*Asks:* 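Got a structure for you, questions after.
Just so you know, these numbers come straight off a predicted model, no measurement behind them.
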Amino acid sequence: MHVTDAAEAPLRVALHELRGKLEIPDHFPPTAQAEAESAARAPRIPAADGAVATEHTLEDATDLPLFTLDPPGSLDLDQAMFLSRRPAPPGSKARGGYRVHYAIADVASFVTPGGALDAEAHHRVTTLYFPDERVPLHPYVLSEGAASLLPDRDRPAVLWQLDLDADGALTSTSVRRALVRSRAELDYAGVQRILDDRTAEEPLALLAEIGQLREEREVARGAISLNVPEQEIVEHDGCYTLEYRAPLPAYAWNAQISLLTGIAAAELMLASGTGILRTLPTAPDGSVARLRLTARALGVDWPHHTSYAALIRTLDPRRASHAAFLQECTALLRGAGYTVFDGTAPAASDALHAAVAAPYAHATAPLRRLVDRYTSELCLAASAGAAPPDWVRTALPALPREMELGTQRANQVERACVDLVEAALLRDRVGEIFEALVVEIQENDPTHGTVHLYDPAVIGTVETAPEGPALPLGHRIPVRLTEAEPGHHPVRFTPA
């Protein structure tokens, strides 16, 4: 179901009003834009000795046939990779392994610390995504131009070399600046197709092989990977619709390469004594106990000896009871933040990201997320055995709060945009009855909750009369649409 022409105008007006309400910037300050345009023409690449290098003096790694993997049409390309096998050492009985070359956009070569562009990046914090436009962290001349790892263009990059053994375990890490050139711009559907029909050349075929090995290691660590049905705003011929997203395996394998890099970055920074980690505390025992009660109510079999992390990997989000339980599980993943240290590494419990089940850092999206630029510089210094640049250390204490506020705004934008598209989809259908799944009920008020419609892909609030019966968690029920007005009333339902 698409947003109709009649709903399109109110939706666009509501999106415009939303950007004003949230004080989303609609342009870059002239001084910041001028800095970006100058840097695009002549990047100032930080050198190991604190001087400034040029593309001509960078290590030349353009012989690596890197490829990017992103949604179709993406131009802000943060990462490019090349995957290869490593033979066993001569005379060794050990099996060979793998080598991951992972190039990350070198944003520090285009943003001068303390300048107008740097200040604007600290104000924006993240790229924001609206259905009708994208509000970038950096000007387009950089984010979709000179700093992006576009195909067949020489680009300065932070080049990771990650060596893995035959089981996918990380054995060594090095990071350096280099000049790179991507050879191919790939998308998930195309990659999945050639992986499935077994026509992929080895560097791409290894994405599946390494990705699956890393997934096995994730399971062994006890990491948490929730396969919760998510809403996605999709544009078709200028109109918007909502779909429940079902990521392809290629998406998950690509994510494993990014996750591997984030784990390697955390290890480097912890060893050096200076860094910024993405952390998530372990869920309190009481939360897990409450989930066991929820599982029992939904008829989800949770053997006593099975851990929470192991259980959720067995669940099928296409089953109503499992989908409802997975939705409840998201409560255990709240409370993520950033932990800064300079001089003394934090205790193991304070360095952990509970969902990753290991120390972890945001390192692979510097075009779209502020903190990743600093992670790159910290890891370059750690890999070289050098002290981090002063501008990095000076910025570290404020980064957790900046990232917290920026992430909150990004989440607010995402939710508000989905609310607007939902209301636009259904504004002419108030009073109609839909089939829905009750995926959540309020802990202290079982007459209020959340439902997923089966069609269209809408998630809305539902409430019974004040003295009405409790909502049946995990059950399919008919619901009547009572409100839907873009920019004024998000979708609301009552049991029919």
Side-chain angles (χ1 to χ4, degrees), residues 39 43-50 52-53 55 58-59 61 66 68 76-81 100-115 117-118 121-122 125-127 137-138 142-143 146-149 155-162 173-180 182 257-278 338-342 359-396 399-400 402-403:
R44 295 170 56 84
I45 299 165
D49 58 3
V52 175
E55 293 185 18
L58 266 181
E59 174 191 338
L66 301 164
T68 59
D76 51 345
L77 308 181
D78 287 286
Q79 320 101 11
M81 74 181 82
V100 175
H101 280 106
Y102 206 41
I104 304 299
D106 188 2
V107 174
S109 291
F110 298 91
V111 179
T112 301
L117 183 55
D118 185 33
H122 278 265
V125 183
T126 68
T127 293
L137 174 59
H138 304 98
L142 297 181
S143 62
S148 178
L149 302 183
R155 292 289 187 259
V158 176
L159 184 59
W160 291 75
Q161 180 177 300
L162 304 163
T173 301
S174 66
V175 195
R176 64 192 190 278
R177 279 193 157 91
L179 193 69
V180 303
S182 172
I257 303 298
S258 180
L259 188 63
L260 166 67
T261 308
I263 292 172
E267 291 179 356
L268 275 178
M269 291 187 290
L270 286 167
S272 73
T274 303
I276 179 165
L277 305 177
R278 181 65 164 164
Y338 292 87
T339 297
V340 164
F341 55 99
D342 191 358
Y360 170 70
H362 276 157
T364 62
L367 290 175
R368 292 170 282 174
R369 190 169 52 208
L370 175 66
V371 70
D372 300 50
R373 169 162 46 114
Y374 291 88
T375 302
S376 286
E377 298 308 307
L378 290 163
C379 291
L380 284 163
S383 185
D390 288 340
W391 63 268
V392 173
R393 298 181 105 138
T394 300
L396 280 180
L399 275 176
E402 289 175 317
M403 291 305 304

*Asks:* List for me each residue that meets ring-ring contact (aromatic ring centres under 6.0 Å, His included) alongside Y338, sequence neighbours excluded, and say none if there are none.
*Replies:* H362
*Asks:* What is the distance from atom OH of Y360 to atom CZ of R278, rounded to the nearest 0.5 Å?
*Replies:* 8.5 Å
*Asks:* Rounded to the nearest 0.5 Å, how far apart are OG of S143 and CG of D76?
*Replies:* 6.0 Å
*Asks:* Could you tell me whether the side chain of H138 and the main chain of L367 form a donor-acceptor pair under 3.5 Å?
*Replies:* yes
*Asks:* Hey, does T126 have a side-chain heavy atom less than 4.5 Å from the side chain of R368?
*Replies:* no
*Asks:* List the steps and the verdict of side-chain contact (heavy atoms from CB on, under 4.5 Å) for L380 and V158.
*Replies:* CA-CA 8 Å; L380 284 163; V158 176; 4.1 Å; yes
*Asks:* Does a side-chain N-to-carboxylate-O contact under 4.0 Å join D372 and R369?
*Replies:* yes
*Asks:* Using only atom types and a distance under 3.5 Å, with no angle test, would you say the side chain of S272 pairs donor to acceptor with the backbone of M269?
*Replies:* yes
*Asks:* Going by side chain to side chain contact (heavy atoms under 4.5 Å, CB included), T173 matches just one of L268, L260, V100. Which one?
*Replies:* L268
*Asks:* Any donor-acceptor pair under 3.5 Å linking the side chain of T394 with the backbone of D390?
*Replies:* yes
*Asks:* If I compare all heavy atoms of T375 with all of A361, which pair ends up nearest, and what's the gap?
*Replies:* CG2-CB, 4.3 Å
*Asks:* Taking atom types as modelled, is there a side-chain donor on T274 or D342 under 3.5 Å from an acceptor on the other?
*Replies:* yes
*Asks:* Output the distance between atom CZ (R176) and atom CG (L58), rounded to the nearest 0.5 Å.
*Replies:* 11.0 Å
*Asks:* In terms of side-chain heavy atoms, does T364 have a donor or acceptor partner in S258 at a distance below 3.5 Å?
*Replies:* yes
*Asks:* Got a sec, which pairs hit salt bridge (charged side-chain N to carboxylate O under 4.0 Å, His left out) with one end in residues 105-114, sequence neighbours left out?
*Replies:* D106-R177
*Asks:* Mark yes or no for whether S148, through its side chain, and L77, through its backbone, hold a donor-acceptor pair below 3.5 Å.
*Replies:* yes
*Asks:* How would you list, by chain and number, every residue that makes a side-chain contact (heavy atoms from CB on, under 4.5 Å) with A39, sequence neighbours excluded?
*Replies:* F110
*Asks:* So which heavy atom on A365 is nearest to which on D78, and how close?
*Replies:* C-OD1, 3.3 Å
*Asks:* How about V371 and V125: do any of their side-chain heavy atoms sit closer than 4.5 Å?
*Replies:* no
*Asks:* Of P156, P366, P43, which meets side chain to side chain contact (heavy atoms under 4.5 Å, CB included) against V107?
*Replies:* P366
